[in-house]
Amino acid sequence: MVEFWVIILSLFSGLTFSCLLIWYVDRNKQDSPHNLLHGSMGWPFAGETLGFLKPHTSNSMGSFLLEHCSRYGKVFKSHLFGYPTIVSCDFELNTYVLQNEGKLFPVDYPKVMHNILGDYSLLIVKGDIHRKLRNTTINFVSATKSESNFLHWVEVLALLRINSWDPISKQVAFYGEAKKFTINVMVKHLLNINPEEPLASKILRNFENYIKGFISLPINFPGTAYSKALKARIRLSAIIKDIITERRKCNNVKAMEGGDLLNVILSKQNLSDEEMVSLVLDLLFGGYETTAKLLSLIAYFLGGAPRALETLREEHQEIRKRKKEGEPLNWEDYNQMQFTQNVMYEAMRCGNVVKFLHRKAVETVKFKDYVIPAGWKVLPVLSSGHLDPTLFENPWEFDPFRWNNKSTSKKAAPFGGGPRLCPGADLAKVETSFFLHHLVLNYRWKIKSDDPPLAFPFVEFTRGLLLDLEPIAASTFGKHL
Ligand code: HEM
């Protein structure tokens with residue numbers, strides 16, 4: 001009798017295994033029309049997501065993309081984040097996809113991000129609403145970036161961080177410092193809240209949880225990152241709505257000169273309260289960690305590039321020489337920071353703040369020899385172009401001097417492209433340049449060899465980018481600010 005059940009059980013397991021095998025092999029064959037694109041759909045349910053997300057140094061392609069590109073070519077099919085997906089490491093295809101956002105390849109974030117960002121997020125919405133929210137953002141950024149009050153606060157907040165470093169311990173976890181600086185700048189310019197106000201720390205605490213949810217599984221169970229992110233969004237939303245109510249009651253008495261974002265959007269009266277809340281959260285999300293990652297990548301790469309660091313320092317010494325003792329930086333100074341621009345773009349090219357983007361094909365598209373099937377997700381991998389040896393000589397080398405050649409900028413897309421091109425790029429560059437000005441004039445530093453930038457896929461530093469600092473001279477500039 002026992003033997004009978006053993007046979008039945010073996011037959012049943014064999015049958016199940018065969019069905020799964022047939023389904024798996026079939027799935028890898030069938031999904032692309034005409035079978036033009038090669039690739040692998042990976043395991044049932046999980047696909048190849050784990051391999052795709054496997055961390056690697058952010059100035060490298062990572063083993064998954066290297067192996068897949070060498071086996072299947074620069075554009076291949078896969079199964080990622082729960083969907084059949086075309087992964088593109090071809091710079092020309094990536095440019096085509098980004099330029100045709102809205103028409104052929106609308107933005108398409110994974111469900112977990114959509115749920116946390118909400119239905120009114122600028123990153124999610126399409127068509128007229130996208131245009132309305134995007135125009136508001138672009139107008140705010142172009143009015144703010146050169147405005148003296150903004151520049152003053154960026155410099156004050158940069159100095160606040162740099163002057164807080166303990167000269168005795170001589171060591172600083174730089175990524176955390178950069179994050180404190182960029183969140184302070186954003187909270188000040190979006191909501192006019194100063195860093196020492198309790199509301200600033202409350203926003204920061206909730207915002208950390210909000211962001212952590214983006215790379216979580218969508219399991220809404222108490223204690224999960226996803227559930228904490230949803231709750232954090234509700235709390236952040238309530239904080240911003242309270243500020244809106246207060247502003248309406250007090251007739252904007254706390255408005256800063258030039259107006260923070262909230263004042264600008266309140267005065268326009270063309271956004272609903274939900275849209276206003278989403279816009280503030282989107283700009284916090286877009287502008288906080290990205291800019292901190294850029295600053296950290298620069299500190300990391302300059303730590304191993306003495307000639308570039310010296311050239312950068314000379315540029316900032318020249319600017320300082322032309323100014324009176326303690327005179328703050330202004331827009332003209334920013335426009336003199338040409339080599340600083342090279343350093344920023346080279347750090348983004350090498351370190352890849354944003355590794356890939358999310359799109360979806362609404363119809364079947366043929367580009368070069370590639371056929372992208374309708375309904376499939378498309379992931380343009382920005383880092384693949386940045387690290388492509390056919391586009392950049394020695395692409396893994398940090399060499400800001402390569403940007404002296406104007407054609408270099410046509411080959412990199414750190415801020416994306418097309419209708420979704422980053423609207424906050426100018427703010428990020430001003431913040432980074434002003435912080436760097438005081439960093440390079442006040443300090444030399446050494447990096448740790450075991451703390452490189454890692455793509456998780458968002459850039460992270462396992463030890464928080466520990467820097468050994470050495471003050472350059474007894475610089476007193478900014479102590480009074
Ligand atoms: C080094 C800093 C930054 C980098 C590398 C960066 C990169 C990017 C990229 C690649 C995109 C395109 C996303 C896509 O096409 O799907 C994007 C979009 C966006 N960024 Fe940035 N960003 C940075 C700083 C900022 C700042 C400072 C802000 C806000 C003040 C901001 C706000 C946004 C917003 C709102 C979008 C969505 C635009 C849309 O969907 O129309 N970013 N960013």
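Reckoned from all heavy atoms, side chains included, excluding hydrogens, waters and symmetry mates. Each ligand, and each atom within it, is numbered from 1 in the order the structure gives. Just so you know, residue 1 is the first one in the sequence shown, and it goes up from there. All figures in this text were calculated on a predicted structure; none of them were measured in a lab.
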Is the contact between Phe285 and ligand 1 made by the side chain, the backbone, both, or neither, using heavy atoms and a 4.0 Å cut-off?
neither
Which is closest to atom 14 (C) of ligand 1 by heavy-atom distance: Arg359, Lys429, Met344, Glu431?
Arg359
Just to check, does His130 reach to within less than 4.0 Å of ligand 1 when the distance is taken from its heavy atoms?
yes
Indicate yes or no: does an N/O atom of Thr291 lie under 3.5 Å from an N/O atom of ligand 1?
no
For ligand 1, is any non-hydrogen atom under 4.0 Å from Met186's backbone (N, CA, C, O), its side chain (CB onward), both, or neither?
side chain
Tyr210 ring centre to Arg205 NZ or CZ under 6.0 Å, with the angle to the axis within 45°?
no
Just to be sure I'm reading this right: ignoring hydrogens, which of Arg134, Lys145, Arg131 gets closest to atom 38 (C) of ligand 1? Compare them by their nearest heavy atoms.
Arg134
Do we see a donor-acceptor contact under 3.5 Å between the side chains of Ser407 and Asn405?
yes
Between Leu382, Asn352, Leu421, Leu283, flag the one that comes closest to atom 29 (C) of ligand 1 by a heavy atom.
Leu283
What is the nearest protein non-hydrogen atom to atom 37 (C) of ligand 1, stated with its residue, atom name and distance?
Leu123 CG, 4.0 Å
Side chain, backbone, both or neither: which part of Pro414 has a heavy atom under 4.0 Å from ligand 1?
backbone
For atom 13 (C) of ligand 1, what is the closest protein heavy atom, and at what distance to 0.1 Å?
Leu357 CD2, 3.7 Å
Quick check on Phe356 - does any of its heavy atoms sit under 4.0 Å from an atom of ligand 1?
no
Quick check on the 6.0 Å ring-centre criterion: do Phe367 and Tyr370 meet it?
no
Counting no waters, what protein N/O/S atoms lie under 2.8 Å from atom 21 (Fe) of ligand 1?
Cys422 SG
Using the six-membered ring of Phe392, assess whether NZ or CZ of Lys411 lies under 6.0 Å from its centre and within 45 degrees of the ring axis.
yes
Distance filter under 4.0 Å to Tyr109 heavy atoms, resulting ligand 1 atoms
16 (O)
Is it the case that the ring center of Phe339 lies less than 6.0 angstrom away from the ring center of Trp403?
no
Please tell me whether Phe81 and His358 form a close aromatic pair, meaning their ring centres lie under 6.0 Å apart.
yes
State if Leu122 counts as touching ligand 1 under the rule of any non-hydrogen atom under 4.0 Å.
yes
